[in-house]
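Note sheet for the following structure.
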Amino acid sequence: MEGQSELTFDKLVDRIIVVDDSLRQQAAHAVNCLLTSRNWLIGCYIVESEQNGADRAQYGEQLLKN
């Protein structure tokens with residue numbers, strides 16, 4: 001806050017814009033981090049399901065034979 005100076009309407013609008021922009025950017029970053037984590041975990045679950053605990057999925061062996 002600016003010392004004892006009067007808060008004009010224009011200054012109020014400027015402060016609101018700064019806060020809104022800053023927090024919007026932080027929210028977008030947080031959402032991107034969470035979506036990346038979600039996608040990584042879903043990928044892990046799919047790989048685990050396809051491989052059934054093996055080092056590699058079985059369908060690749062048939063592809064090489066064909």
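Atom set for the values below is all heavy atoms of this structure, side chains included, hydrogens, waters and symmetry mates excluded.
Counting heavy atoms from C-beta outward, Val19 and Leu23 have side chains that approach closer than 4.5 Å.
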Quick one: side chains of residues 40-48, donor-acceptor pairs under 3.5 Å with protein atoms, not counting sequence neighbours, listed by atom name and distance.
none

Scan the side chains in residues 24-34 for donor-acceptor partners under 3.5 Å anywhere in the protein, sequence neighbours excluded, and list what turns up.
from: Arg24; atom 1: NE; to: Asp20; atom 2: OD2; distance (Å): 3.1
from: Arg24; atom 1: NH2; to: Asp20; atom 2: OD1; distance (Å): 3.4
from: Arg24; atom 1: NH2; to: Asp20; atom 2: OD2; distance (Å): 3.2
from: Gln26; atom 1: NE2; to: Ser22; atom 2: OG; distance (Å): 3.3
from: Asn32; atom 1: ND2; to: Ala28; atom 2: O; distance (Å): 3.4

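Applying the 4.5 Å side-chain rule to ILVMFWY residues, one finds Val13, Ile17 in the same cluster as Phe9.
Nearest heavy atoms, Glu6 versus Lys11: O-NZ, 3.7 Å. When every heavy atom of Leu7 is checked against every heavy atom of Leu12, the shortest pair comes out as CD1-N, 3.8 Å.
Pairs engaging residues 36-45 under the salt bridge (charged side-chain N to carboxylate O under 4.0 Å, His left out) rule: none recorded [sequence neighbours left out].
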